[in-house]
Amino acid sequence: MESQSKINEPIPTDISEAFESFFKAIQITDATTIISYFLKNFCQTEQSTNDNINRFIFVLKIKSEQIKQSSSSSSSSSSSSSSSSSSSSSSSSASQISETLKSDVELYKKSLIILGNLSRYVKHSNSFTVYLKDIIENLLLPHFLESFDEDMKFEVLRSFTSLLQIYEDTIESYSTLFIQHLLTVDINRSGFPQSSIKSIIDFMVILMQTSPLLIINNIKLVESLIKIYILKEDELIYEELTQVLGQFFQLYLPYKSSKIESTNDDDSDDESDDEDESSMVDSNKLKVSSMALENSVDIKLLDLLSKQLIENINKESSSIFFGILCGYSSIYIKDKSLSNFIFNSYLSMIKKDNICNKENRKVTVSIINSLRIGVSNACLKCSEECQLILIEIFKTLLECIGDIREYVKSNLTKGAQIFFQRVRSSIILNLISIIRIIKDSFQYAEEFLIYAPVLADPIIFSEFIISLNRNLNQQISLKETNEYNEKKSLIQDIYLPKILNPLLAEIIKPVQKYKSMTIHIIQAIGNIALSCQILYQPFIETTIERLSQFLVKNWKSISKYAPSCIVTLDKLMQLFIHDQLYKSQYLETIILSVYMKLLNSSKSIELDDTIDDDDDDDDQDDQDDQDDEVDSNGKKKKKNIDSDIISKIMFTILECLTNTIPKISKHLIEFENKSVGKNIGKEIYKYLMSQIGVEEVIFDADRFIRLAQLDLLNEIYCHCLPCLPKSNHITISIKHIFNEMLQIQLALELGEEEVDRYGHSQRKDICLNAFKSIIKFSNLDKQSCSEQLKELINSNQTSNDIDKHQVKKELLELFK
């Protein structure tokens, strides 16, 4: 009650009196209340904030000097008292000094914590920044480096940690002094305060975000914390050390942990980013993992650490740390005994009979999740020895998912089914990592096919076929051998049909219930086709036919599927470099029936705004549904519809055409030469001329599409000139480039055109580059171009003469 009344008293008008009251309140009030009081009464404006922080620091500097003097007096009084023990006045004086010193020290320590926390919340941060050097050099460092009071040292460290968290760029250089002094403190001695260990842990957490190399270069501090961790004397400290030590070793790892990775098709909007399990800053993580550092931690300590983690593997935090240690030991420790021990420990845990029991399910999922961290990093530096153990893990995981599936068949509870889904997802992630690095995929192919129906995942199916093709291609020098031909037959006649046919069957089903799964299936088909190359011949017609059927049947929800369809069809087009895989109707179907239909219908495509009813999303079962909007059919709608999806569809088509046309240009030209079907090149050109210099560029999405359109026009002129209208394509192109340049010129004058730091417009550069190709490949002469531009200038009544003549000048300058 006394502290509350003191803090609620009106602030005195005299600032000195106010600060005296403030410091009295510090002694009897909790820090949170004091900070709120200071911010409310002393930080109303930037000037008052600046003045009052200065006063606070000034008073603390006086207190700091008083403590130093009192400490000195106390020492000298103690000496005097010991030499003249009969003097009661000396004893009384020493006692009085000691009590005053103790009071001052407590006030000072509390004030430092308040000062550090103020740095987080003060509104006018510049007011704090100017005093940082003064605070650290005069208030913190002297007591951290010189004080015999260890409690004082670690209160100072806490204050510095708060400052470091906010002003890392300004005060980072001081961290070295703090960490080097910590190395002189024996934190492993018996009775070392847990609160001080907590201060060190908090300091390390911030350092790993700001200066990870500083910790790495002072590894003895990490080793001291590992020793504390192994002793496990305090449960709270143990848990905190699990996190901070895990984060430290994770700094070294190139790979993050869970979640299925994107397939590089850039169309997985529904997939969340592969977020880190910790709060580490990615840039620092990448920086450390790319430095090719070596292990500097005592191996014996790491052995003890691994055993400690196994004892506590039932805790999720410990299992994650165990996976991190597995990955670390696989990459950074040359002697593989530790990593082998960890991997074998995983095998033992996975093979246990009781992993499906209700009380063990969560632990089982956690263990397999953490194995993913070890496996994905071990795969980066995979020796022969490592290959053997990873193959053993691969087979064990296949057996494990098979056993769990059998268990679920006889235990049809919701909990068992959810358990199966979670384990299956985690096992798939592990298997994908291993599949990507195993040298001879054929040795486990039969076993994989046995469990394929249980895995039922298109991404791992595509990785399996890619792996087989990679192994076959590595033996290309043995092309005529029996082994090569036998493997080729196995892929073409057995493995490919068994994997691909079910995927092709899925996309012609009348109802696509799980849309994200359908997208993964479409992506997988494209990846399989591209990896198979000539071996895909028996399936190419069926694939193109079914994807085009899919487009028609799912037109109302095509905004969801279009990007993956476009990219997969592009991968099929890339196979047309093999003449035996090419037919003119394939190209017509892909470009005219799919690509051009989407481009020409872009303004009328309906957005698919229903949420995917994915059965794997079991964590959402208990979420409140009452806030979700529903349509007339009762389907859930997204509250925030991503309208940019149409732009993404258009951009993906344009980018795919731009990249693939150079590879298939001879087939496009055949349409003109042989008069077979519709002139595809001409249709693409016709679309581009309806956009360039016509449609205005307003938003960023429009700009990216226009850049892609101009790039595509450049490729058309470079590779498909015979496809263009022979009589007037030059006149048409000059007109549209001229109008586009006028749009750019006006946007530059209005400050609406995006430019780089040198004032260059990327759109203008690409537009001029396209015009260079027109000049080069159509043999356009300068005189003819000048006359056409003159006509355009005279006929254009909307733009000013200066802009028109500037554009003409820039275009004519391109003639050599």
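Throughout, numbering of the chain's residues begins at 1 and tracks the sequence. Just so it is clear, the values below take in all heavy atoms, side chains as well, and ignore hydrogens, waters and symmetry mates.
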Check ion pair Glu155-Lys198 (N to O, under 4.0 angstrom):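 Answer for the salt bridge query: no.
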Salt bridge present between Arg189 and Glu150 (N-O < 4.0 angstrom):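 A salt bridge links Arg189 with Glu150.
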Side chains of [X] and [Y] in contact at under 4.5 Å (non-hydrogen atoms):
| X | Y | result |
| --- | --- | --- |
| Thr242 | Ile320 | no |
| Ser467 | Ile438 | no |
| Cys379 | Leu390 | yes |
| Phe160 | Phe203 | yes |
| Arg436 | Ile432 | yes |
| Ile427 | Asn430 | no |
| Ser329 | Leu302 | no |
| Lys352 | Ile355 | yes |

For the pair [X] (side chain) and [Y] (backbone), establish whether a donor and an acceptor sit closer than 3.5 Å, ignoring hydrogens and angles.
| X | Y | answer |
| --- | --- | --- |
| Lys63 | Tyr108 | no |
| Ser199 | Ser195 | yes |
| Lys336 | Ile333 | yes |
| Asn50 | Glu46 | no |
| Thr652 | Lys648 | yes |
| Asn312 | Ser318 | no |
| Gln387 | Ile437 | yes |
| Glu223 | Asp298 | yes |
| Asn471 | Lys439 | yes |

[atom1] ([X]) with more than 12 external heavy atoms under 6.0 Å:
| X | atom1 | result |
| --- | --- | --- |
| Glu294 | CD | no |
| Lys220 | NZ | no |
| Lys307 | NZ | yes |

Between Ser36 and Tyr121: side-chain donor-acceptor atoms closer than 3.5 Å: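 No.
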Any donor-acceptor N or O pair under 3.5 Å, side chains Asn295, Tyr328: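 Their side chains do contain a donor-acceptor pair, which is all the 3.5 Å distance test asks for.
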Qualifying residue for side-chain hydrogen bond (donor to acceptor under 3.5 Å, both in side chains) with Asn369, from Ser425, Ser426, Ser319: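 Exactly one pass, corresponding to Ser426.
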Listed partners of [X] passing ring pair (Phe, Tyr, Trp, His ring centres under 6.0 Å), at least two apart:
| X | result |
| --- | --- |
| Phe704 | none |
| Tyr238 | Tyr229 |
| Phe651 | none |
| Phe154 | Phe192 |

Test log, rule salt bridge (charged side-chain N to carboxylate O under 4.0 Å, His left out), inputs Asp202 and Arg158: CA-CA 8 Å; Asp202 293 341; Arg158 282 178 60 195; 5.9 Å; no
CA sep, side-chain torsions, deciding dist, call: Lys227, Glu233, salt bridge (charged side-chain N to carboxylate O under 4.0 Å, His left out): CA-CA 11 Å; Lys227 290 173 185 176; Glu233 293 179 343; over 6 Å; no
Using atom types as modelled, flag every donor-acceptor pair under 3.5 Å from a side chain in residues 171-179 to any protein atom, sequence neighbours excluded.
from   : atom 1 : to     : atom 2 : distance (Å)
Glu172 : OE2    : Ser211 : OG     : 2.5
Tyr174 : OH     : Glu137 : OE2    : 2.7
Ser175 : OG     : Glu172 : O      : 3.1

Geometric cation-pi criterion, Lys315 with Phe322: 6.0 Å, 45°: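 That pair does not qualify as a cation-pi contact.
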Spacing of Glu463 atom CD and Ile466 atom CD1 [to the nearest 0.5 Å]: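 The distance works out to 5.0 Å.
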Pairing residues for Val755 by the side-chain contact (heavy atoms from CB on, under 4.5 Å) criterion, not counting sequence neighbours: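 Testing Val755 for side-chain contact (heavy atoms from CB on, under 4.5 Å), a comparison that skips the adjacent residues, returns Leu748, Ser761.
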Identified side chain to side chain contact (heavy atoms under 4.5 Å, CB included) counterpart of Leu140 within the set Leu145, Leu157, Leu163: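 It is Leu163, the one option of Leu145, Leu157, Leu163 that forms the side chain to side chain contact (heavy atoms under 4.5 Å, CB included) with Leu140.
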Close aromatic pair by centroid cut-off 6.0 Å: Phe56 and Phe38: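 Between Phe56 and Phe38, the centre distance is under 6.0 Å.
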